[in-house]
Amino acid sequence: MKQFQKLLWNTVGKMLFRLTPHNSYRYRTTLLKLFGMKCGYRVRFRRNVSIDKPWNITAGDLAIFGDYAIVNASAPIQIGKRSVVSQYAKLITKQGDCNTKGKTNIVRSICIGDDSWIAADTLVLPGSHIERGVVVGARSMVEGRLLSWSICTGEPAQRRTERVLYGTS
């Protein structure tokens, strides 16, 4: 059944996803749900987001995926509530292992906590865990765990400062 689902997504689903009108977020989310994605309400995918396996994606309420984001979900990807994956960001769950002979791959899941922001052109590698409230600066590379309520940048991304929430007591 998975092979048929994959074939159907690659031949028909991707085309229907990309040919939608600009603001047809509900239609695109419904289409992704038909292919097995689990998501909350008002999740927004831009029509030029590249998704290879929607059945491995879970997105919380009000999650947003920006223009030309790439979501390669060979393993499960979990996106928290009110989180943003900005334009040109890449979530990759499978990569080649250069430490072995022959063709082997590292396949691990990605978890992005609630209220997080993955800024433009950021690369998130397999096995990464971005805790709640993290802001990852543009063009960073995430490898491993980023601690909650912090601002992280660099290659690999490291905590630079604490994220301060104004207006809370």
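In this text the structure is predicted, and so the values were computed from the model without any measurement.
- In the hydrophobic cluster analysis, where Ile, Leu, Val, Met, Phe, Trp and Tyr join through side-chain heavy atoms closer than 4.5 angstrom, Val107 is grouped apart from Leu91.
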*Verify side-chain contact (heavy atoms from CB on, under 4.5 Å) between Trp55 and Gln5, making sure each step is shown before the conclusion.*
CA-CA 9 Å; Trp55 48 90; Gln5 185 180 32; 3.7 Å; yes
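- Under the 4.5 Å side-chain heavy-atom criterion for grouping Ile, Leu, Val, Met, Phe, Trp and Tyr, Leu7 is not connected to Phe35 through any hydrophobic cluster.
- Side-chain atoms of Asp67 never come within 3.5 Å of backbone atoms of Gln87 as a donor-acceptor pair (strictly under, hydrogens ignored).
- Formation of a donor-acceptor pair under 3.5 Å by the Thr29 side chain with backbone atoms of Arg26 is not found in this model.
- In this structure the side chain of Lys33 reaches within 4.5 angstrom of the side chain of Cys39, judged on heavy atoms.
- At a cut-off of 3.5 Å, with distance as the only test, no side-chain donor of Arg47 or Thr20 sits close to an acceptor on the other residue.
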*What's the verdict on side-chain contact (heavy atoms from CB on, under 4.5 Å) for Ile77 and Thr93, showing C-alpha distance, side-chain angles and the deciding distance?*
CA-CA 8 Å; Ile77 295 178; Thr93 59; 3.5 Å; yes
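- For the atom pair CZ of Arg108 and CD1 of Ile92, the computed distance is 14.5 Å after rounding to the nearest 0.5 Å.
- Taken from OG1 in Thr153 to CD1 in Ile151, the straight-line distance is 9.0 Å, to the nearest 0.5 Å.
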_Arg145 and Ser128: CA distance, side-chain angles, deciding distance, side-chain contact (heavy atoms from CB on, under 4.5 Å) verdict_ = CA-CA 6 Å; Arg145 179 178 290 269; Ser128 296; over 6 Å; no
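- With rounding to the nearest 0.5 Å, the separation of OG in Ser148 from CZ in Arg132 is 9.0 Å.
- Enclosure of atom CZ in Arg159 by more than 12 non-hydrogen atoms of other residues, nucleotides or ligands within 6.0 angstrom is indicated.
- The side-chain heavy atoms of Trp9 and Lys14, taken from C-beta on, include a pair separated by under 4.5 Å.
- The distance from the CG atom of Leu32 to the CG atom of Leu16 is 11.0 Å, given to the nearest 0.5 Å.
- Crowding of Arg18 atom CZ: a count of heavy atoms from other residues, nucleotides or ligands under 6.0 Å exceeding 12.
- The backbone N or O of Phe45 sits less than 3.5 Å from a side-chain atom of Arg28, completing a donor-acceptor pair.
- Val164 places none of its side-chain heavy atoms less than 4.5 Å from the side chain of Trp149.
- Using a 4.5 Å heavy-atom threshold, the side chains of Val71 and Ile57 count as touching.
- A heavy-atom distance below 4.5 Å is found between the side chains of Asp114 and Arg82.
- Residues Trp117 and Ser83 bring no donor and acceptor atom of their side chains to less than 3.5 Å of each other.
- Annotation for Ala119 and Gly137: closest pair CB-C, 3.8 Å, computed over non-hydrogen atoms.
- Donor-acceptor pairing under 3.5 Å is lacking for the side chains of Arg163 and Ser150.
- The minimum heavy-atom distance linking Cys152 with Ala157 is given by the pair CB-CB, 4.2 Å.
- Under a cut-off of 6.0 angstrom, the local environment of CZ in Arg160 is crowded, with over 12 non-hydrogen atoms contributed by other residues, nucleotides or ligands.
- Closest approach of Ile79 and Ala63 over heavy atoms only: CG2-CB, 4.2 Å.
- Linking Ile, Leu, Val, Met, Phe, Trp and Tyr whenever their side-chain heavy atoms come within less than 4.5 Å leaves Val84 and Phe65 in two separate clusters.
- Two residues are said to be in side-chain contact when any heavy atoms from C-beta on lie closer than 4.5 Å; Lys90 and Tyr68 fail this criterion.
- Considering Asn72, Ile106, Asn105 as possible partners of Gln95, the one that fulfils the side-chain contact (heavy atoms from CB on, under 4.5 Å) test is Ile106.
- Under a hydrophobic-cluster definition in which Ile, Leu, Val, Met, Phe, Trp and Tyr are linked whenever side-chain heavy atoms come within less than 4.5 Å, directly or via other members, Leu19 and Leu31 are assigned to different clusters.
- Rounding to the nearest 0.5 Å places CG of Asn48 at 8.0 Å from OH of Tyr88.
- The distance from the CZ atom of Arg42 to the NZ atom of Lys81 is 15.0 Å, given to the nearest 0.5 Å.
- Hydrophobic clustering keeps Met37 apart from Ile64 (ILVMFWY residues linked when any side-chain heavy atoms are closer than 4.5 Å, directly or through intermediates).
- Looking at heavy atoms from C-beta onward, Val134 lies out of side-chain contact with Leu147 at the 4.5 angstrom threshold.
- You'll find the side chain of Ile118 reaches within 4.5 Å of the side chain of Ile130, heavy atoms only.
- Defined by atom type and a distance below 3.5 Å, a donor-acceptor pair is present between the side-chain atoms of Arg46 and Tyr25.
- Partner of Val142 under the side-chain contact (heavy atoms from CB on, under 4.5 Å) criterion, out of Ile112, Thr122, Leu123, Leu125: Thr122 alone.
- Residues Ala69 and Ser86 approach most closely at CB-O, 4.0 Å, considering heavy atoms.
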